[in-house]
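For reference, the structure discussed in these notes is given below.
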Amino acid sequence: MPTATFTNFLDRARTLSDLRAASSLLNWDQETYMPDGAAAVRAEQSATLDTLAHQMATSGEYATLLDTVREEAERGELEEWEQGVVKESYREFERSRKLPDEFVREMSRAQSVAHHAWKKGREQQDFSIFAPSLERIVALKRQAAEYYGYAENPYDALIDQYEPGMTAAELRPVFDRLREGTGVLLQKIAGFGAPPDDSVLFTDFDAEQQLAFSKSIIQQLGFDFNIGRVDLSAHPFCTSFGSSDVRLTTRIFRNDLRSCLFGLMHEAGHGMYEQGFAPQLVRTPLAQGASMGIHESQSLLWENMVGRSEEFWAWAFPQLAAAFPEQLAGLDSFGFFRSINVMKPSFIRVEADELTYNMHIILRFQIEDDLMNGRMCVADIPAVWNQKSEEYLGIVPPNDSLGCLQDIHWSFGGFGYFASYTLGKLYAAMFFNRAVEQVPDLREQLARGQFGSLLGWLRENLHQWGKAKNASQLVNDICGRPLTETDFLSHLERKIGRVYAG
Ligand code: ZN
């Protein structure tokens, strides 16, 4: 039996969760179906819900209740998942309390100025338009790090928001080895000569058929349409209002077969994670991913480890060829597998392949670390960006829009966010390898279109926990060792051998 105080506290936590879910639903609607003319009123409605949630989460009454249940947790009077709810609630409470109201308002103003300046700078390929407002954002984020507090590096206080407990010092050696390993693989690829021909992916594919095929694939992977749905939006995303209502979006380009299909497999990976949280976590702060990087590992596991594998296409290609017989005539599953795995350096992060993608992240991570520690100033970003791009990718962007102005993240102050994308790739490879060890015929199952064992394994080992375990706990419990880049690099070495020597 839960204690009376905990029951009372859980009630508040659930109300908070409901308010946030309602706010997310308004956001989802805004990105999918809302008529343009509703924007102003919708902004007010969203602000009202967010303000109510914020007031509730920082009220004196909530604080007192939280103190009492923390004491109960310390005295061992709470069950394990209840302790988790208290711990996560306290973490959120501490974080939101550390920033003064005036600072939050100032940050919000700076973000909206910076967003406009970034858009304009990107349009006109001119970093100097964005630079003054970015300087303001950087100063505010360094200030925020002071408010949050940190042991040795102010950047850690920002990384912590997306990856609780992770530090730059822990990431740096992993990223250094990953960069070296990626360089070696890029040289190996260069040694093979001409890449596989992937021009077939960029012919013409009917939009409705692309969507129907992609939806059918994610349903077979295990995304549950009884508690989830798919709609269209300008930028694909996954949002949920509890495990029983998970919304995915995708976009379709007639002349690029990859976008809708792999985008939807990616979002379905996020969605299946959300659909798999244990029932008692519903409407509590534990009903979310352990970290951004862990969430990303679930999307990338399905998109890349499964969806770009030779085994998967041995099964899926005949279905795809049946949907697009003219376009894919003369191609077999192995040829298709090769065409979707061409790896070569490019300017834009979001268009980068599995291998070179991390170089984009490492470059940003290093610049952010230097900015947050005052070792670099905003004016130097374009030059440093281009120099690192040449060193890591062997290419120099011809203008800043294809370089340091390409991402929206810095305009909203999302420093510390990028690392999660690469962490997702490394975790995905680690988890997949572990699954292959524990389910010995897993690859054969994938080649037969049987995904239940893999999803079950993920549910059991990872999904059910939500945020009740943190990222390093999950990785240690599942893999028996801490974060490493080696699984990811050997996965790609194996794949490159198949794709390029094929
Ligand atoms: Zn994602």
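For ligands, and for the atoms within them, numbers begin at 1 and follow the listed sequence.
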Task: Short N/O/S contact of His295 with the Zn ion (ligand 1) (below 2.8 Å) - done: no

- [ ] Taking all non-hydrogen atoms of both residues into account, name the closest pair between Leu483 and Leu423 and its distance.
- [x] CD2-CD2, 3.5 Å

Task: Residue among Gln275, Met272, Glu460 satisfying side-chain contact (heavy atoms from CB on, under 4.5 Å) with Leu455 - done: Met272

Open item on the list: Can you check the angle at the Zn ion (ligand 1) formed by OE1 of Glu296 and NE2 of His270? Round it to the nearest 10°.
Closed with: 90°

Open item on the list: Would you say the Zn ion (ligand 1) has Glu267 as a near neighbour, meaning an N/O/S atom of that residue under 2.8 Å away?
Closed with: no

Task: Metal site the Zn ion (ligand 1): N/O/S of Cys238 inside 2.8 Å - done: no

Under 3.5 Å, sequence neighbours excluded: what are the donor-acceptor pairs made by side chains of residues 212-221?
{"unit_1": "Ser214", "atom_1": "OG", "unit_2": "Gln210", "atom_2": "O", "d": "2.8"}
{"unit_1": "Ser216", "atom_1": "OG", "unit_2": "Gln220", "atom_2": "NE2", "d": "3.1"}
{"unit_1": "Gln220", "atom_1": "NE2", "unit_2": "Ser216", "atom_2": "O", "d": "3.2"}
{"unit_1": "Gln220", "atom_1": "NE2", "unit_2": "Gln319", "atom_2": "OE1", "d": "3.3"}

Task: Lys/Arg-Asp/Glu bridge criterion (N-O < 4.0 Å) met for Asp487, Arg434 - done: no

